[in-house]
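What follows is a single structure, written as structure tokens, with notes after it.
Numbers here are sequence positions counted from 1. Values below: every heavy atom of this structure, side chains too, minus hydrogens, waters and symmetry copies. These figures come from a predicted structure and were not determined experimentally.
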Amino acid sequence: MTIRLYDTSARQIRDFTPLTPGCVSIYLCGATVQAAPHIGHIRSGLNFDIMRRWFAHRGYDVTFVRNVTDIDDKIINKAAEQHRPWWSIGYENERAFDDGYTALGCLPPTYEPRATGHITEMVEMMRGLIERGHAYEADGNVYFDVRSLPGYLALSNQDLDDLRQPEGEGETGKRDPRDFAMWKAAKPGEPSWETPWGRGRPGWHLECSAMAHKYLGTEFDIHGGGLDLIFPHHENEIAQAKGFGDAFARYWVHNAWVTMSGEKMSKSLGNSVLVSEMVKQWRPIVLRYYLGTPHYRSTIEYSEESLREAEAAFARIEGFVQRVVELAGGPVAPAAEVPPAFAEAMDDDLGVPQALAVVHTTVRQGNSALAADDKDAAVARLAEVRAMLGVLGLDPLDAHWASESGRSQELHGVVDTLVRLVLDQREAARARKDWPTADAIRDRLNQSGLVIEDGPQGPRWSLGSR
């Protein structure tokens with residue numbers, strides 16, 4: 001029962017050994033709240049929600065920290081463009097991210113710290129870095145001296161001589177252009193806080209190093225985020241933390257992007273698909289299936305066709321669940337354990353695609369049991385399916401999806417009444433051996449997106465692909 005994870009820093013899959021037996025600590029780089037989230041942002045939250053659920057299923061006590069970056073250049077620029085306070089933009093979009101995470105069934109983090117609530121911790125870290133010779137002040141800015149730390153760039157595997165460090169306006173006084181800003185001197189009209197080096201505001205990288213230290217201590221198990229954060233963000237987090245004396249993260253786990261036409265989904269490219277709009281077009285549980293079931297290290301190329309395929313695949317699972325619940329006369333409790341093949345897949349670097357294949361195989365076995373009128377076997381398969389779906393956050397009988405399921409059930413009842421009227425006409429045509437009319441009715445139902453199955457108890461209908 002060893003969980004294995006791909007560690008970016010080691011460039012290989014490693015056995016997971018927790019810092020504290022029975023416990024796992026995870027820090028995930030969360031939202032930078034300059035705008036509302038697109039599905040690429042939420043994918044990261046979903047991937048690490050599944051990781052967290054799997055660790056919990058395996059019996060670990062999980063501490064999950066997901067930060068909010070509520071001050072940075074992008075937020076300040078948005079405030080200037082929109083003539084609004086920076087904190088107003090940040091809070092509005094923080095709520096939009098929370099709504100997106102909640103809509104798609106992500107469990108709330110253990111802690112969700114905001115950067116602006118931890119200025120004191122950042123000042124303490126900068127003071128310690130300056131004392132240790134890893135940082136210096138210049139023109140009210142505080143910079144990290146990258147040449148002072150052996151091993152800098154080990155995560156991204158770059159050569160320091162070839163490094164081009166991103167920098168912002170006003171970063172003057174650097175001893176080396178490759179040094180990065182931890183603290184930026186105040187500019188007129190911008191938010192600022194008092195420090196021993198003058199008023200200013202934090203750099204992006206400093207925020208996470210300080211918050212990880214506060215909530216998870218000098219060393220913790222897993223640091224997560226998107227591939228685009230490896231450099232400069234995560235590389236510079238490591239430099240600050242290790243320069244301060246922290247061992248920092250033991251494993252680095254990165255999720256791949258959602259792309260459109262081969263490009264990373266981003267606000268700057270104008271190709272983002274906002275979560276708030278997507279949940280109006282697609283059921284949130286279907287969106288979770290679509291974003292959460294590919295392997296976390298695989299790129300998702302967005303298309304409506306692939307979303308429709310996800311919708312149809314989940315409908316097959318959901319249809320099985322509904323049929324067994326009807327047969328059993330009520331909900332069936334999840335099994336205490338998932339099938340061994342599912343566990344083996346999840347233990348192997350969170351192999352959700354292979355685990356999902358076990359779900360679909362179990363659904364097919366359950367459907368065969370239903371066709372054979374084997375109630376006990378069908379109920380047993382549903383218990384296993386619910387246990388697996390629970391790990392993936394996709395159990396349609398879970399309380400989180402109850403309101404969605406309630407609305408779906410109301411609509412299902414209305415549609416069922418109407419479809420039954422048509423099916424009665426088809427059965428009447430079959431009884432009088434009017435096969436052309438019976439076939440025509442079935443074809444029209446199929447064209448409308450309904451799948452008709454003839455069984456011993458009569459015809460059943462289900463929703464097919466759009």
With a 3.5 Å cut-off and no angle check, do the side chains of [X] and [Y] form a donor-acceptor pair?
X      : Y      : answer
Ser156 : Glu235 : yes
Asp221 : Ser25  : yes
Tyr143 : Asn141 : yes
Glu237 : Ser209 : no
Trp54  : Asp347 : yes
His213 : Asp246 : yes

So, using side-chain hydrogen bond (donor to acceptor under 3.5 Å, both in side chains) as the criterion, who are the partners of Glu337 when residues are at least two apart?
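Result, side-chain hydrogen bond (donor to acceptor under 3.5 Å, both in side chains) vs Glu337: none returned.
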Taking only residues two or more places apart in sequence, or in another chain, which ones meet Thr63 in a side-chain hydrogen bond (donor to acceptor under 3.5 Å, both in side chains)?
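Counting only residues at least two positions away or on another chain, Thr63 forms no side-chain hydrogen bond (donor to acceptor under 3.5 Å, both in side chains).
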Under 6.0 Å from the six-membered ring centre of Tyr6 and within 45° of its axis: does the NZ or CZ of Arg297 meet both?
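Cation-pi check for Arg297 and Tyr6: passes.
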On the ring face of Tyr136, is Arg175 found with NZ or CZ under 6.0 Å from the centre and within 45° of the axis?
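Flagged: Arg175 positioned over aromatic ring of Tyr136.
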When the ring planes of [X] and [Y] are compared, do they come out parallel, tilted or perpendicular, using 30° and 60° as the limits?
X      : Y      : answer
Trp86  : Trp193 : perpendicular
Phe180 : Tyr152 : parallel
His254 : Trp252 : parallel
Phe220 : His223 : tilted

Between [X] and [Y], does at least one N-O distance fall below 4.0 Å, as a salt bridge requires?
X      : Y      : value
Asp349 : Arg4   : no
Arg201 : Asp72  : no
Glu277 : Lys280 : yes
Glu305 : Arg308 : no
Glu190 : Lys184 : no
Asp49  : Arg53  : yes
Arg386 : Asp398 : no
Lys174 : Asp179 : no
Glu92  : Arg84  : yes

Counterpart residues, salt bridge (Lys or Arg N to Asp or Glu O under 4.0 Å), relative to Asp161 (two or more places apart):
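Result, salt bridge (Lys or Arg N to Asp or Glu O under 4.0 Å) vs Asp161: Arg178.
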Suppose the criterion is ring-ring contact (aromatic ring centres under 6.0 Å, His included): which pairs have a residue in residues 293-325, not counting sequence neighbours?
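Listed once each, the pairs are Tyr289-Phe314.
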Quick test of your reading: applying side chain to side chain donor-acceptor pair (under 3.5 Å), list the pairs with at least one residue in residues 97-111, sequence neighbours left out, ordered by first then second residue.
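Counting only pairs at least two positions apart or across chains, the side chain to side chain donor-acceptor pair (under 3.5 Å) contacts touching residues 97-111 are Arg95-Asp98.
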Output every pair passing salt bridge (Lys or Arg N to Asp or Glu O under 4.0 Å) with a member in residues 116-133, not counting sequence neighbours, ordered by first then second residue.
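Output for this query lists Glu121-Lys214.
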Among Met182, His234, His233, the one residue meeting side chain to side chain contact (heavy atoms under 4.5 Å, CB included) with His205
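That would be His233.
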Whether Arg43 side chain and Trp257 backbone form a donor-acceptor pair below 3.5 Å
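Yes, Arg43 side chain to Trp257 backbone: donor-acceptor pair under 3.5 Å.
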